Asks: 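Quick one: the structure is below, and I'll ask about it shortly.
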Amino acid sequence: MTTDGSWRRTAQERGDAVTISVDGEPVRACRGETVAAAMLAEGAAFERDRIGAPRAPLCNMGTCFECAATVDGRPLTRTCLVPAREGLIIETPGRL
């Protein structure tokens with residue numbers, strides 16, 4: 001680790017608590033974290049594959065679309081790129 005000040009820690013404190021809705025269920029989140037992170041932390045399902053197995057974010061940087069859901073009426077939104085904020089409505093069934 002360097003001591004010249006060129007490296008610094010990111011913020012250790014979480015943002016204010018907010019509530020988002022995932023398939024009609026309240027999910028706690030912190031302002032600034034992604035919707036995908038909040039859903040993972042609460043154990044919310046993202047989608048099921050063709051045989052019914054649960055799916056979840058794979059890349060967490062917006063390239064794989066495994067976390068895609070309808071967010072505030074916008075289909076195929078990558079939840080790993082959407083910051084959590086109070087009142088967001090996420091729908092996972094039938095995302096495609």
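Quick caveat: nothing in here was measured; it's all calculated off a predicted structure.
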Asks: Taking the side chain as every heavy atom from C-beta outward, state whether I20 and I90 have any pair of such atoms under 4.5 Å apart.
Replies: yes

Asks: Check this for me: does any side-chain nitrogen of one of D16 and R85 sit under 4.0 Å from a carboxylate oxygen of the other?
Replies: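 Answer for the salt bridge query: no.
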
Asks: Do side-chain atoms of T34 reach the backbone of A37 as a donor and acceptor pair under 3.5 angstrom?
Replies: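 Pair found, side chain donor or acceptor close to backbone of A37.
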
Asks: Closest approach of A84 and A29, non-hydrogen atoms and distance?
Replies: CB-CB, 3.8 Å

Asks: Evaluate the side-chain proximity of T77 to V82: yes if any heavy-atom separation is below 4.5 Å, no if none is.
Replies: yes

Asks: Mind checking whether L88 and V71 have side chains closer than 4.5 Å, heavy atoms only?
Replies: yes

Asks: Supply the atom-to-atom distance T92 OG1 to D23 CG, rounded to the nearest 0.5 angstrom.
Replies: 3.0 Å

Asks: Quick one: CD on E33 to CG on L40, what's the gap to the nearest 0.5 Å?
Replies: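 Here the interatomic distance stands at 10.0 Å.
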
Asks: If you compare all heavy atoms of N60 against all heavy atoms of P57, which two are closest, and at what distance to 0.1 Å?
Replies: OD1-CB, 3.5 Å

Asks: Kindly indicate whether the side chain of C67, heavy atoms from C-beta on, has any atom under 4.5 Å from the side chain of R78.
Replies: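 Touching, per the 4.5 Å side-chain cut-off.
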
Asks: Between T19 and V27, is any pair of side-chain heavy atoms under 4.5 Å apart?
Replies: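 T19 vs V27: side chains apart.
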
Asks: If you count the non-hydrogen atoms of other residues, nucleotides and ligands that lie under 6.0 Å from CZ in R28, is the total more than 12?
Replies: no

